[in-house]
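Letters A, B, ... are given to chains in the order of the sequence lines, protein chains preceding strands, and every chain is numbered from 1.
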Amino acid sequence: MAQKVKTAITPTREEDYPEWYQQVVRASDMAERSPVRGCMVIKPWGYALWENIQREMDDMFKATGVKNAYFPLFIPLSFLEKEAEHVEGFAKECAVVTHHRLEKGAEGGLVPGGRLTEPLVVRPTSETIIGDAFSKWVSSYRDLPLLINQWANVVRWEMRTRIFLRTSEFLWQEGHTAHATAEEALERTTMMLEVYARMAEHFLAIPVIKGSKTAAERFPGAVDTQCIESMMQDCKALQAGTSHFLGQNFAKASNIRFQSKEEEEVYAWTTSWGSSTRLIGGVIMTHADDDGLILPPRVAPAQIVLLPIAHKETDRAKVDAYVDGLAADLGKVAYSGRPLRVEVDRRDIGGARGWDWIKKGVPLRVEIGPRDIANNAVFVGRRDKPHKEKIAMPREQFVNEVGAVLDEIQNHLFERARTFREENTRQMDDYEAFRDYFTPRNREKPEIHGGFALSHWCGSDACENKIKEDLTVTIRCIPFDAPKEKGRCICCGEESSRRVVFAKAY
RNA sequence: CGGGACAUGGCUCAGUCUGGUAGAGCACAGCGUUCGGGACGCUGGGGUCGCAGGUUCAAAUCCUGCUGUCCCGACCA
């Protein structure tokens, strides 16, 4: 009988994937559930990761000319009523403020008082309130393009929540732009999707497929919704960012008009694009293993943790001095354009100390004891390797090559994820096989199965809906890079010109 | 919002069927012994058993209602 390997996380991914996910979040100390239904508390380790994501993305936005601003949390109900499709999409899942005061209740306690004449909606997204501002800011073609982003929290009253993946309140950025022409707005839509793709692939080591949503999956009110889709370790798809070409729909709803060069009064063309703390969920489900989180070095709150080992009192001062010196030297190293982030953990808690950092996903653990100091060396463990596989390295070499090692980890994570996705992606042309692919053998306790199916689709809502109803499988996107290819719809057999990505989704 | 499961110290759970005044392991604190390693011993702190009613001499345990969590589905970043 094979001995079961002891893992830091129970259950393992294989045993119970959803529960494994929760345990990884907890073990990594990134976040916890709050007493407020569907809301989370993001703890320092998780928030630091978000700050790094934020910083990298913010720099990329600004490099394309985008400026940051901030708009109100509350949106007058009437604003949301302006765009008909938008109403359809968001009307049902919003938090609504109806009172502006608390009064002492008859039975003690507090009751809302002072009814508002017009209810305020806690923003589920800010197209309407930003559109209102834009309508004032834009009057000439010379005011365009208008490129605005805000970092904010939004609230969507979700029925089913999962920490980081779908919470009632979440942190995100939403970009909103207005342009003189459709071409320019479309170009911006794709440009921002490219930023998201770079964020996902270069920084988070999450391989993504870029594409457009089908009409059914589109943002309410958008003309085109572009997205990046990634595969999690349970083979489900996660949408990691979206960029919308809104045509003139929102410009008309918010009255964003300007005088063109030709002296005509015309509506602007707008875009919006967003990505959220969901990215953290994506990092977890792409990279974490049965020992916990694994962080991509470029965004890790700490890339290196130094673990001094000094059991004898007499060694302590020497080890501390050596570790301080090493930390200082490492702090001078630039990695991925920023100073290396180094933690020193001096807690005297035995082996649990190393495991703490494994579960938090720090890319490099460096043990330093008297023996290493005698050899002027360090003892290094990589998070992307088995935890016992540690190697001694001369100190100077480590300091000089640490950036290269971190890049190696970063690339390894990306390649590992891409290989996983490729191994779980199939071209499928037969509905029987397609159904089989997406149907778990054990209905009671569905095992990890399926993946991405690249199949032909005729373009009809009917086929899309039928597949969704039969198998809970949706079209994740129509990939930009799908080659033109004649085929027959997986569902109805009608002619089709290219394959789309089918998958179960978060 | 529909279906299912669950709710007992910080965490994982036993105890509920058969009512008798709350337990274990891990975590936490102190001391000691260990230790290139998820250590061991002793001592100790911590729970009105999700909430509200009801039955009873007596409720974690039985009954009713509510709330919350997790899973599956619909909705969605």
Side-chain angles (χ1 to χ4, degrees), chain A residues 6-11 16-19 21-23 26-27 29 32-39 88-94 124-125 154-174 196 213 216-220 225 227-230 237-244 272-282 291-292 307-312 315 319 348-359 365-373 377-381 387-388 390 392 440 442-446 465 468-469 471-472 474 504-506:
Chain A
K6 192 177 177 189
T7 57
I9 303 295
T10 28
D16 186 346
Y17 192 86
E19 181 61 20
Y21 175 78
Q22 312 247 113
Q23 294 303 329
R26 186 163 29 156
D29 204 32
E32 61 191 30
R33 274 202 320 279
S34 79
V36 186
R37 184 200 159 92
C39 295
E88 281 297 303
F90 278 106
K92 304 155 211 153
E93 52 182 34
C94 293
T125 179
V154 285
V155 169
R156 296 181 190 176
W157 213 259
E158 300 293 348
M159 290 303 155
R160 188 175 164 197
T161 59
R162 267 165 172 278
I163 208 157
F164 284 124
L165 291 176
R166 177 167 299 106
T167 44
S168 298
E169 179 191 13
F170 57 94
L171 303 184
W172 78 342
Q173 59 68 219
E174 51 179 320
Y196 292 150
K213 287 292 186 193
E217 301 275 332
R218 218 173 263 158
F219 176 71
T225 288
C227 61
I228 50 172
E229 293 285 332
S230 55
L238 184 79
Q239 179 177 303
T242 48
S243 188
H244 313 289
S272 69
W273 24 280
S275 66
S276 71
T277 37
R278 174 179 248 202
L279 287 170
I280 296 175
D291 286 329
L307 305 168
I309 294 164
H311 302 303
K312 295 192 211 107
D315 292 335
V319 172
D348 185 18
I349 54 170
R353 183 176 60 166
W355 279 101
D356 252 24
W357 294 103
I358 289 173
K359 289 184 279 192
R365 305 182 307 282
V366 181
E367 297 172 8
I368 299 141
R371 214 184 294 162
D372 306 296
I373 295 172
V378 293
F379 202 54
V380 184
H387 67 88
K388 278 187 181 156
K390 296 184 254 194
N442 184 352
R443 277 193 81 92
E444 295 301 305
K445 193 176 167 291
N465 273 329
K468 187 172 178 180
E469 272 163 33
L471 305 167
T472 69
T474 50
K504 298 202 182 199
Y506 275 98

In whole angstrom, what separates [X]'s [atom1] from [N]'s [atom2]?
X	N	atom1	atom2	result
A/Tyr17	B/C70	OH	C1'	17 Å
A/Gln23	B/C71	CD	P	12 Å
A/Gln22	B/C11	CD	P	13 Å

Using atom [atom1] in both nucleotides, what's the gap between [N] and [M] to the nearest angstrom?
N	M	atom1	value
B/G9	B/A14	C1'	14 Å
B/U61	B/A7	P	12 Å
B/C62	B/G19	C1'	8 Å
B/A24	B/G15	P	15 Å
B/G10	B/C6	P	23 Å
B/G37	B/G20	C1'	48 Å
B/C11	B/U69	C1'	15 Å
B/U48	B/U43	C1'	27 Å

Separation of [Y] [atom2] from [X] [atom1] (nearest 0.5 Å):
X	Y	atom1	atom2	value
A/Arg278	A/Leu238	CZ	CG	4.5 Å
A/Ile358	A/Thr7	CD1	OG1	12.0 Å
A/Arg37	A/Glu158	CZ	CD	10.5 Å

Check your understanding: If you measure only the distance, is there a donor-acceptor pair under 3.5 Å linking the side chains of A/Ser275 and A/Gln173?
Key ->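 Yes.
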
Exercise for review: Write down the atom of A/Arg156, the atom of A/Thr125, and the distance for their closest heavy-atom approach.
Suggested key: NH2-CB, 3.7 Å

Practice item. Return the minimal non-hydrogen interatomic distance between A/Thr472 and A/Lys504, and the atom names on each side. Key: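 Of all heavy-atom pairs spanning A/Thr472 and A/Lys504, the closest is OG1-NZ, 3.5 Å.
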
Practice item. Sequence neighbours left out, what passes ring pair (Phe, Tyr, Trp, His ring centres under 6.0 Å) with A/Tyr17? Give chain and number order. Key: A/Trp20

**Study point:** Non-neighbouring partners of A/Phe170 that pass ring pair (Phe, Tyr, Trp, His ring centres under 6.0 Å), sequence neighbours left out
**Key:** A/Trp172

Practice item. With sequence neighbours left out, write down each residue that passes side-chain contact (heavy atoms from CB on, under 4.5 Å) with A/Ser34, or none if nothing qualifies. Key: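 Once residues adjacent in sequence are excluded, the partners of A/Ser34 under the side-chain contact (heavy atoms from CB on, under 4.5 Å) criterion are A/Val36, A/Cys39, A/Val41.
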
Practice item. Using side-chain contact (heavy atoms from CB on, under 4.5 Å) as the criterion, list what pairs up with A/Ile309, not counting sequence neighbours. Key: A/His311, A/Arg353, A/Glu367

Mate of [N] where both pairing distances stay under 3.5 Å, Watson-Crick or G-U:
N	result
B/U33	B/A39
B/A74	none
B/U69	B/A5
B/G44	B/C28
B/A22	none
B/U64	B/A52

Check your understanding: Between A/Arg37 and A/Arg26, which has a closest nucleotide on RNA chain B that is more 5'?
Key ->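 Closer to the 5' end of RNA chain B: A/Arg26.
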
Check your understanding: Mapping A/Cys39 and A/Thr472 onto RNA chain B by nearest heavy atom, which one lands closer to the 5' end?
Key -> A/Cys39

Practice item. Answer with base, sugar-phosphate or nothing: what part of the nucleic acid does A/Arg365 contact at a heavy-atom distance below 4.0 Å? Key: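 It contacts nothing in the nucleic acid.
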
Review point. Base, sugar-phosphate alone, or nothing: which one does A/Gly38 contact when heavy atoms must sit under 4.0 Å apart?
Key: sugar-phosphate

Mind listing the N/O atom pairs, protein and nucleotides 75-77 of chain B, below 3.5 Å?
from, atom 1, to, atom 2, distance (Å)
B/C75, OP2, A/Lys468, NZ, 3.1
B/C76, O2', A/Glu158, OE2, 2.8
B/C76, O2, A/Arg166, NE, 2.0
B/C76, O2, A/Arg166, NH1, 3.3
B/C76, O2, A/Arg166, NH2, 2.0
B/C76, N3, A/Arg166, NH1, 3.4
B/C76, N3, A/Arg166, NH2, 2.5
B/A77, O3', A/Gln239, NE2, 2.8
B/A77, O3', A/Arg278, NH1, 3.4
B/A77, O2', A/Gln239, O, 3.3
B/A77, O2', A/Arg278, NE, 3.3
B/A77, O2', A/Arg278, NH1, 2.2
B/A77, N6, A/Thr167, N, 3.4
B/A77, N6, A/Thr167, O, 2.6
B/A77, N3, A/Ser276, OG, 3.4

Please enumerate all protein N or O atoms sitting under 3.5 Å from an N or O of nucleotides 35-46 of chain B, with distances to 0.1 Å.
from, atom 1, to, atom 2, distance (Å)
B/C35, N3, A/His311, ND1, 2.8
B/G36, N7, A/Arg371, NH2, 3.4
B/G36, O6, A/Pro370, N, 3.4
B/G36, O6, A/Arg371, N, 2.6
B/G36, N1, A/Asp372, OD2, 2.5
B/G36, N2, A/Asp372, OD1, 3.4
B/G36, N2, A/Asp372, OD2, 2.5
B/G37, N2, A/Glu367, OE1, 3.4
B/G37, N2, A/Glu367, OE2, 2.5
B/G37, N2, A/Lys390, NZ, 3.3
B/G38, O4', A/Trp355, NE1, 3.4
B/G38, N9, A/Trp355, NE1, 3.1
B/G38, N7, A/Trp355, NE1, 3.2
B/G38, O6, A/Ala8, N, 3.4

Review point. Any donor and acceptor pair, going by atom type alone, linking the side chain of A/Tyr196 with main-chain N or O of A/Gly274 inside 3.5 Å?
Key: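 Checked: pair present.
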
